[in-house]
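A, B, ... follow the sequence lines: proteins, then strands. Residue 1 opens every chain. Since we're looking at a predicted model, the values are computed, not measured. Just so it is clear, the values below take in all heavy atoms, side chains as well, and ignore hydrogens, waters and symmetry mates.
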Amino acid sequence: MNSFFISRFGRSICTKIYQAELSPDAKRIADGLISIFTNKPLGLENQELSHLGSKLTTEIAETVLAGIKNWRIAYKFFTWATSQSGYHHTCYTYNAMASILSRARRNAPLKELAFDVVNSRCSMTPGALGFLIRCLGSVKLVEEASALFDQVKMMGLCVPNNYTYSCLLETISKSDLINLAEMRMNEMVSNGWEADKFVLTPMLKVYCNAGKFDKAWAVFDQIHTRGWVDAHVLCILVLSLSKWGEVDKAFELIERMENYNVSLNEKTFYVLIHGFVSASRVDKALQLFEKMCKVGVLPDTGIYDVLIGGLCKTKEPEKALYLYSQMKSAGIVPDIGILTKLISCVPDEDEIIKLFEESGIILDGESTILLYNSILSALVNNGSIEKAYRVFRSMIGDKLDCETGIEKLFKVNGIIRPNPTSFNIIIDGLCKSGRLDEALDLFKDMDQIALRKDITLYNNLIDAMNNSDRFEDSLYLLGEMKNSGFQPTQFTYNSVYGYFCRREDVPEALNVVKEMRLHGHEPWIKHSTSLVKQLCKHGRAVEACKFLIDMVEEGFFLDIIPYSAAIDGLLKIKEVDRALELFQTICARGYRPDVIAYNILINGLCKAKRVSESQDVLNEMLSNGLVPSVVTYNSLIDGWCKDGDIDKALLCFSKMCGEEREPNVVTYTTLIDGLCNDGRPDDAATLWVEMERKGCTPNSIAFMAMINGLCKNGRPDAALVYLRDMDKKGLRADSFVYIALMGAFLSNTNPHAAFGILKEMVDKEMFPERVDRNHSLLKDAIFKLSEDPCTSSNVKRLLAAGSIQSNFPVVVVDEAFKPTT
DNA sequence: GTAGGGTTAG
């Protein structure tokens, strides 16, 4: 029942509103009229009827209207009554008719009736006007109700009281017309009426409908301070919060409701659980479900269906299965919908079979294909594409050589021809596992068994081809798609666009963009960004900038992200001023750079040793109300360190701690490197301790910075301790670190230790590539060790060992004994 | 329905 009908008196307006004691005579007339009007066909010129018409009173008319169930017949009687000489409708007969029409949701005659009320200058009590307005409201004739209210008031047919106003507001609360509601409320107050619960509640509702929660909360506070909070008020708020996706706030309020000893009704529970699940908050939906069960509301199949469906979507099969068993023990028989949802998320094949066998579902043709398809997609999702494919082939007539498990299930339940969905599942699965040719073959098979291919299937296949660089096939499919009467969608175009972006083919990418513009499609910015990024990665930042200009010329608005990527690209190729210029250009065009955009600029300036300029950029960022992130500080700290101004770096570090930006492992690594380069290894070691104390776990880069830093300061023994710690933590060091250690040991005249490191490198098979500058460093170290009498024989033995030869690039072995020129 | 992009350390 529409919530409208639950009136302020807690009863339905459908009930008869006038039940006067009729005289026996009048009663007879009413019965006569009812029987004439309900006995078809209606002959209105009937003698009897005109006789009864002369005796018609409004009391009789009300009784007749109450006795006719069909709105059409009632309306016919009502119209007939209007034309009886000497008879005039009262507000009560109008309302009786209005009530019937609103219940039957006949808006046109209802509007006409409201018009007649005014035209006939029928005077109304405040209550009657309120009733009529609510009839209009129940069929959402909000503006009409408001107009009626004004006309009746203006013509002096009624002096509305606060009940009338509350009815009007309740009607307005079916809309989101805040202004109208506020106007009526003020009007009422200025007429001397006080805003009671029945006025504030619709105000609350109208704010909720419009999503104006700040105002809604203000009204709620008023209701609360006056002690008027009830289930209805709370339901309005909770449902509205849920509708606007504020699941947590809605849930909080429900918990607060429990303190008021107010409980949700069954319908509200149902609506909320559905709402929470569709807001992807199955967690809260489940908690609500528990509350619902606790207060004794029995869940129906629909609730289990939505909850199990939600859990399957969030990939929580255990919880879904638990709920399913709960449902079954409550005596609810699962339907094919619930079963297929479960099957598609249960990872285990035996579990799937058990589920089906224990479900007690009797399959017909339609449910069999649903079941088969859900099993196919379960297999595909679990990575058993091969099995899915085999079972699928049995559906199109191939004989199965294995008759256990899933195969048996398919066999037992009979051959069912696959539908387009079955093909979609298998073709998608084949594409995802790179079996494109088989996917294409199946796709072609669909024509032979006259199955309709849908647009998604075309799109997915084309996308798969593009992603595997099979553009020829993609083009072929695109042609076939067009021939079959499908227009490529924005997805199709973007798939092709993405293909050219990935291949850094700027001219072709732009061609696609031009075509997209013709068809009114929007190129996805992620593709544009990845093209920019890709070009920048290969030092083609200038081309990337040109591409962005071309995109804008094509009329496509890009967001800050591709520009940030281009600016970063320019900075990486040391085109600092060009980067600054682009930054300024986009700012002038109205872009508001975010923290990341500023970070990119600050970092670029720091790397270009223009640290003081980066400080200016920081200030600009601050004046734009942006809060620097850890990355911002890290870049600045690194800038100062590399600029040889370790004190400014440390100042920056303490500033960042003061602003509650927690330093991360990058911050510490940067500073440790900086301190070591400044000849302060002890301070670096202290910082290391502080880092660990603060719960920041060092990663391999941090370790390597520390080890390298200590080596640079001639402390290979201390460095070795960190290397051993790395081993313990399962972190791997680059060959560079080993070479640094060897170098440091050699400088400390400890060739034995240096040899130990070399041996470790050989054992771990870590050799830098020839192009790597570490390659020559290693060669030098090996040469030195082979020159040193303490280690020379060991080195030669190590390098001569057959087992090592195979792991050790021969070039290095040979070249090791020649000094680098 | 479709998919999700830019920044920091040795």
Could you give the CG-to-P distance, from A:Leu671 to B:dT8, as a whole number of Å?
-> 17 Å

Take A:Tyr389 and A:Leu442, measure what side-chain contact (heavy atoms from CB on, under 4.5 Å) needs, and give me the verdict at the end.
-> CA-CA 10 Å; A:Tyr389 191 36; A:Leu442 262 190; 3.8 Å; yes

Using atom NZ of A:Lys432 as one end and atom P of B:dT2 as the other, report the distance to the nearest whole Å.
-> 13 Å

Touch check for A:Ala597, heavy atoms < 4.0 angstrom, all strands: base, sugar-phosphate only, or nothing?
-> base

Does some side-chain heavy atom of A:Lys642 sit less than 4.5 Å from a side-chain heavy atom of A:Val611?
-> no

Closest of B:dA9, B:dT7, B:dT8 to the A:Asn664 side chain is B:dT8

Rounded interatomic separation in angstrom, taking OH from A:Tyr458 and C1' from B:dT2 = 18 Å

For DNA chain B, what are the stems built from at least three Watson-Crick or G-U pairs in a row, each pair having both distances below 3.5 Å?
-> none

Does A:Lys533 come within less than 4.0 Å of A:Asp568, counting only side-chain N to carboxylate O?
-> no

With a 4.0 Å cut-off, would you call A:Arg503 and A:Glu508 a salt bridge?
-> no

Parallel, tilted or perpendicular, as decided by the 30° and 60° cut-offs, for the rings of A:His521 and A:Tyr493 | tilted

Length of the CZ-C1' vector between A:Arg502 and B:dG4, whole Å | 15 Å

Taken to the nearest whole Å, CD1/A:Ile637 to P/B:dT8 is 15 Å

Test side-chain contact (heavy atoms from CB on, under 4.5 Å) applied to A:Asn664 and A:Asn634, step by step = CA-CA 9 Å; A:Asn664 60 16; A:Asn634 289 349; 3.2 Å; yes

Crowded around A:Lys764 NZ? As in, over 12 foreign heavy atoms under 6.0 Å?
-> yes

Base of B:dG6 paired with side chain of A:Asn599 (donor-acceptor, under 3.5 Å) | no

What pairs with A:Ala719 under side-chain contact (heavy atoms from CB on, under 4.5 Å), at least two apart in sequence or on another chain?
-> A:Ile707, A:Leu710, A:Cys711, A:Leu741

Looking only at heavy atoms, which two atoms of A:Asp559 and A:Pro562 are closest? And how far apart?
-> OD1-CD, 3.0 Å

Can you tell me the distance, in whole Å, between the CD1 atom of A:Ile427 and the C1' atom of B:dT2?
-> 16 Å

If you look at every strand shown and take non-hydrogen atoms under 4.0 Å, does A:Asp463 touch a base, only sugar-phosphate, or nothing?
-> nothing

Presence of salt bridge, A:Arg610 and A:Asp577, under 4.0 angstrom | yes

Send over the distance from A:Tyr722 OH to B:dG10 P, rounded to a whole Å.
-> 18 Å

If the plane angle is over 60° it's perpendicular, under 30° parallel, otherwise tilted; pick one for A:Phe557 and A:Tyr591.
-> parallel

Within residues 520-537 of chain A, those residues having any heavy atom closer than 4.0 Å to DNA chain B are A:Trp524, A:Ile525, A:Lys526, A:Thr529, A:Lys533

For B:dG10, does OP1 or OP2 lie under 4.0 Å from any side-chain N or O of A:Lys642?
-> yes

Would you mind reporting whether A:Ser280 and A:Thr314 have side-chain heavy atoms less than 4.5 Å apart?
-> no

So, with a heavy-atom separation below 4.0 Å from DNA chain B, the residues of residues 558-586 of chain A are A:Asp559, A:Ile560, A:Ile561, A:Pro562, A:Ser564, A:Asp568, A:Lys572

Round to the nearest Å and state the distance from A:Asn634 atom CG to B:dG10 atom C1'.
-> 14 Å

Within residues 672-686 of chain A, those residues having any heavy atom closer than 4.0 Å to DNA chain B are A:Asp673

ring-ring contact (aromatic ring centres under 6.0 Å, His included) with A:Tyr458: of A:Phe491, A:Tyr476, A:Phe443, only one passes, and it is A:Phe443

side-chain contact (heavy atoms from CB on, under 4.5 Å) involving A:Ala378 - partner list, sequence neighbours excluded = A:Ile343, A:Ile352

Looking for any heavy atom pair under 4.0 Å, which part of the strands does A:Asn494 touch: base, sugar-phosphate only, or nothing?
-> nothing

